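Numbering of ligands and ligand atoms starts at 1, following listing order. Position 1 is the first residue of the sequence; numbering continues from there. Because the structure is predicted, anything quoted here is derived from the model rather than measured.
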Amino acid sequence: MTSLSGETIADDITGRLADVRCRIADAAKAAKREAASVALIAVSKTFSADEIRPALAAGQRVFGENRVQEAQGKWPALRVEFPDLKLHLIGPLQSNKAADAVRLFDAIHTIDRPKIARAVAEEMAKQPKRLELFVQVNTGEEPQKAGVMPADAKAFVAMCREALKLDIAGLMCIPPVEEEPAVHFAFLSKLARELGLKGLSMGMSGDYETAIAFGATHVRVGSAIFGGR
Ligand SMILES: *Cc1c(COP(=O)(O)O)cnc(C)c1O
């Protein structure tokens, strides 16, 4: 008998996904919000198509990947089977990958500099295809982390809207690991409100319930569904 059979792994993923959905519904209710106002992005980076399938079988249709190349390797085949699935790019984008990213993804959460915004705008016009776009804000002002600095966020969003005619859906952040995420979620939520943006991509496995309390419209949950990476 083997304890790590494909079936056991599939059951684990199905069970954890159901648990995350329950917790999202409870957190939304506690915040007096509709559960449907929170989109669950199942972050499947590093996991294979076989590990993704149980989530698809359980009705999950929105997935997140952080690398264009890795996503290209596993999603085109799954898309043929599940044409209604939506793919979100949640990792940093290089401008030489903009064409591939626009072709493969339905949303990009990591618009954070003029060069990327311009490359994505040009590709969307060329293909043509419209993606849901989020501006990543480096709320912790961490030098090694991607995202526009908080002080530059308003001017950057204005540039995207005015110069590039981009329809920005919202803001995204990844709080510093050692800090209280609520402070960052509150900050991002206020900034989005000031900019008239409805979308808030925030909250991961460890803090998505807190993010929902602060208005998250998109939570990006990986390990709580698929297990440790
Ligand atoms: C990996 C990743 C996640 C998911 O992280 P978990 O802690 O596994 O839920 C969310 N957002 C981004 C940007 C990621 O890279």
Side-chain angles (χ1 to χ4, degrees), residues 9 12-24 27 38-48 51-52 54-55 58 60-75 86-94 97 101 104-113 116 120 131-148 153 169-182 184-185 187-189 192 199-229:
I9 291 169
D12 285 351
I13 292 170
T14 308
R16 284 191 298 251
L17 176 61
D19 181 55
V20 168
R21 284 183 178 154
C22 255
R23 284 165 180 262
I24 288 173
V38 183
L40 169 60
I41 302 173
V43 177
S44 50
K45 65 186 186 200
T46 78
F47 291 97
S48 68
E51 290 159 305
I52 293 167
Q60 180 66 29
R61 287 295 180 272
V62 185
F63 292 86
E65 290 281 344
N66 68 335
R67 286 165 190 269
V68 176
Q69 217 163 345
E70 181 190 340
Q72 276 174 322
K74 56 191 184 193
W75 285 101
K86 299 287 179 206
L87 218 46
H88 290 234
L89 178 63
I90 61 168
L93 177 61
Q94 252 93 58
K97 293 269 170 61
L104 183 61
F105 289 92
D106 302 286
I108 298 176
H109 291 236
T110 50
I111 304 295
D112 69 348
R113 51 195 193 277
I116 286 301
V120 168
L131 280 74
E132 197 179 11
L133 302 177
F134 293 79
V135 167
Q136 182 175 357
V137 182
N138 187 351
T139 58
E141 304 188 31
E142 296 172 279
Q144 82 288 2
K145 200 168 267 178
V148 62
L171 303 179
M172 176 271 216
C173 76
I174 310 170
V177 282
E178 70 285 0
E179 285 181 31
E180 178 53 57
H184 295 267
F185 298 155
F187 175 82
L188 198 72
S189 174
L200 277 174
S201 168
M202 56 190 200
M204 308 183 7
S205 289
D207 55 20
Y208 63 91
E209 289 153 298
T210 307
I212 290 167
F214 284 93
T217 58
H218 295 69
V219 293
R220 311 178 308 265
V221 181
S223 49
I225 297 170
F226 293 105
R229 287 182 295 270

Do the ring planes of Phe63 and Trp75 sit parallel (below 30°), tilted (30 to 60°) or perpendicular (above 60°)?
tilted
Numbered in order shown, the ligand 1 atoms found under 4.0 Å of a heavy atom of Ile174 are 13 (C)
Residues two or more places apart in sequence or in another chain: which of them pass side chain to side chain contact (heavy atoms under 4.5 Å, CB included) with Ala192?
Leu171, Leu197, Leu200
How far is atom 1 (C) of ligand 1 from its nearest protein heavy atom, and which residue and atom is that?
Lys45 NZ, 1.4 Å
Geometry only, no angles: is Ile90 polar-contacting ligand 1 at N/O separations under 3.5 Å?
no
Would you confirm whether Glu70, through its side chain, and Gln72, through its main-chain N or O, come within 3.5 Å as a donor-acceptor pair?
no
Would you please classify the geometry between the His109 ring and the His88 ring as parallel, tilted or perpendicular, with 30° and 60° separating the classes?
tilted
For Ser223, take its heavy atoms, then give the atoms of ligand 1 lying under 4.0 Å from any of them.
6 (P), 7 (O), 8 (O), 9 (O)
Give the atoms of ligand 1, by number and element, whose distance to some non-hydrogen atom of Arg229 is under 4.0 Å.
1 (C), 5 (O), 6 (P), 8 (O)
Atoms of ligand 1 under 4.0 Å from any heavy atom of Arg220, numbered from 1 in the order shown, are 4 (C), 9 (O), 10 (C), 11 (N), 12 (C), 13 (C)
Looking at Val221, which atoms of ligand 1 are within less than 4.0 Å of one of its heavy atoms?
9 (O)
Heavy atom to atom 9 (O) of ligand 1, shortest distance: which of Gly228, Gly227, Cys173, Ser205 holds it?
Ser205
What's the shortest distance from atom 5 (O) of ligand 1 to any protein heavy atom, and which residue and atom give it?
Met204 CE, 3.6 Å
Heavy-atom donor-acceptor pair, Asp112 side chain to Gln136 backbone, under 3.5 Å
no
State whether the number of non-hydrogen atoms from other residues, nucleotides or ligands found under 6.0 Å of Arg21 atom CZ is greater than 12.
yes
State plainly whether the residues Glu65 and Lys74 are in salt-bridge range, i.e. N to O under 4.0 Å.
yes
